[in-house]
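Below is one structure, written out as structure tokens; comments come after it.
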Amino acid sequence: MNYWLMKSEPDEASILDLQRAGTLPWTGVRNYQARNFMRDDMQLGDGVLFYHSSCPEPGIAGLAEVCSAAYPDATQFDPESPYFDPKSKPEVPRWLHVDVRWRETTRLLSLKAMREAPELAGMQVLQRGSRLSITPVTPAEWQAVLKRLHAA
DNA sequence: GCCAACGTTGGC
DNA sequence: GCCAACGTTGGC
């Protein structure tokens with residue numbers, strides 16, 4: 001069982017969109033490291049911190065879980081899609097993704113609050129220059145985030 | 001809109 | 001295989 005933080009721009013897919021949909025395919029990842037996490041390290045039931053990025057109030061907005069194995073991302077073959085990759089061949093799909101299931105819409109644990117939390121200082125997403133859209137989270141960090149999300 | 005940081009591309 | 005140029009991310 002592993003834990004992850006996954007970034008999403010709420011304009012594209014917010015925690016409320018996930019809540020409405022139940023599950024969503026995590027399409028559009030075009031970074032090899034993030035793809036490899038999904039392909040090699042994610043397991044069914046892994047915990048996901050759903051993070052809103054590139055928005056007025058960045059931060060963790062809810063909880064989700066991995067609910068599929070990795071499979072080819074259809075958007076890479078769609079010329080109409082912003083995620084179209086002309087260099088990817090259907091015989092050898094370059095980009096994969098998992099599906100994610102909604103668990104809980106929480107209050108926002110803002111980026112600012114995350115930075116102020118000593119237990120979260122080591123989180124990969126908070127490191128200088130970190131841009132990866134999917135990063136591993138340690139069990140201790142997961143617990144610390146849950147504690148703060150559920151605190152009054 | 002700015003810009004720091006990082007990833008990717010492609011010429012050599 | 002190096003590395004300069006370019007593109008992207010994402011907070012501010």
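All chains are named by letter (A, B, ...) in the order of the sequence lines, taking the proteins before the strands, and each is independently numbered beginning at 1.
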State plainly whether the residues A/Asp85 and A/Arg94 are in salt-bridge range, i.e. N to O under 4.0 Å.
-> yes
Whole-Å distance, A/Lys7 NZ to C/dG11 P, equals 6 Å
Taken to the nearest whole Å, CG/A/Asp85 to P/B/dG7 is 18 Å
When rounded to whole Å, the CZ to C1' distance for the pair A/Arg115 and C/dC12 reads 11 Å
| task | Salt-bridge test for A/Lys147 and A/Glu119: reply yes if a basic N is under 4.0 Å from a carboxylate O, no otherwise. | result | no
Looking only at C/dG10, C/dC12, B/dG10, the nucleotide nearest the A/Leu111 side chain is C/dC12
- Query: Looking at the rings of A/Phe50 and A/Trp26, which for Trp means the six-membered one, are their centres under 6.0 Å apart?
  - Reply: yes
May I have the step-by-step check of side-chain contact (heavy atoms from CB on, under 4.5 Å) for A/Val145 and A/Ile60, ending in yes or no?
CA-CA 9 Å; A/Val145 168; A/Ile60 295 166; 3.8 Å; yes
Quick one: is B/dT9 close enough that its OP1 or OP2 comes under 4.0 Å of any side-chain N or O from A/Lys87?
yes
Side-chain contact check for A/Tyr51: nearest option of B/dG7, C/dG11, B/dT8 is C/dG11
Separation of C/dT8 atom C1' from A/Glu9 atom CD, nearest Å, is 11 Å
From CD1 of A/Ile60 across to C1' of C/dG11 the rounded distance in Å is 16 Å
A/Trp95 atom CH2 is separated from B/dG7 atom P, nearest whole Å, by 13 Å
TODO: Establish whether the base of C/dT8 is bridged to the side chain of A/Arg131 by a donor-acceptor pair shorter than 3.5 Å.
DONE: yes
In whole angstroms, the gap separating P of B/dG7 from CZ of A/Arg35 amounts to 15 Å
Between CG of A/Asn31 and P of B/dT8 the distance, given in whole Å, is 6 Å
